[in-house]
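This report concerns only the one structure given below.
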Amino acid sequence: MCHWLMKSEPSEFSIDDLKRAPDGTAPWDGVRNYQARNHMREMKAGDRVLFYHSSTDPLAVVGTARVVREGYPDESAWNPKSPYYDKRSTLENPVWLRVDVRFEARFPVPVTLADLRTVPALKHMLLLRKGMRLSVQPVTPEEFEAVLARAAELAKGRHA
DNA sequence: GCCAACGTTGGC
DNA sequence: GCCAACGTTGGC
């Protein structure tokens, strides 16, 4: 099983939007970066996902999700009215793909970017690297667990 | 709103 | 195939 981090601007699609979606499941589409797409190609059903809110305040990992459907054509690329339209994508050669993800948990206290930077186990996390703006990133199992542990710690602290 | 970092495009 | 110009991302 692999672990991933996926970024979304909450004004576009937040973890609450995912939670509210039918069956807590929604397609993750609109990815128009080849490196991010290649990561999505490798996703398997059951893979775990850290849900990250970008371009907002606070910047934070806000919860977790699971991949429930592996890569299939991103139809938004075929829709001329979609902001994600790309004429290079055809039925024969879809170019872009999406996966379906299912809501798993929302952290009681989000783990902010600033907080992640203070966790020694996350020293080498891709997300924290300068200039890193990839919207779909691999995460090591250790890093994934460290984020969950930090989220639990923060949740505990809140009620202390 | 700014701007650094990165990705893409297109002329040559 | 290089690289300058341009567009986008996303933290600050």
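Sequence lines set the chain letters: A, B, ... in the order given, protein chains first and strands last, and positions in each chain run from 1. What you see is a predicted model; the values in this text were computed from it and never measured. Any value given below was found using the heavy atoms of this structure, including those in side chains, with hydrogens, waters and symmetry copies removed.
In this structure, A/Y84 shares a hydrophobic cluster with no other residue, the cluster being traced through Ile, Leu, Val, Met, Phe, Trp and Tyr side chains under 4.5 angstrom apart.
Among the protein residues, A/Q35 comes within range of the sugar-phosphate backbone only, with heavy atoms under 4.0 Å from sugar or phosphate atoms but none that close to a base. Residue A/R88 is in sugar-phosphate contact alone, with no base atom involved, counting any heavy-atom pair closer than 4.0 Å across all strands shown.
If you look at A/Y52 and A/W4, their ring centroids are not closer than 6.0 Å.
The list of salt bridge (charged side-chain N to carboxylate O under 4.0 Å, His left out) pairs with a residue in residues 38-48 of chain A, not counting sequence neighbours, reads A/R48-A/E104.
The cluster map of Ile, Leu, Val, Met, Phe, Trp and Tyr, joined by side-chain heavy atoms under 4.5 Å apart, puts A/V49 and A/M125 in different clusters.
Between A/R32 and A/D86, none of the side-chain N atoms (NZ, or NE/NH1/NH2) sits under 4.0 Å from a carboxylate O, so this pair counts as no salt bridge.
Think of the region where chain A sits on DNA chain B: with heavy atoms and a 4.0 Å cut, that region ends 5' and 3' at B/dA5 to B/dT9.
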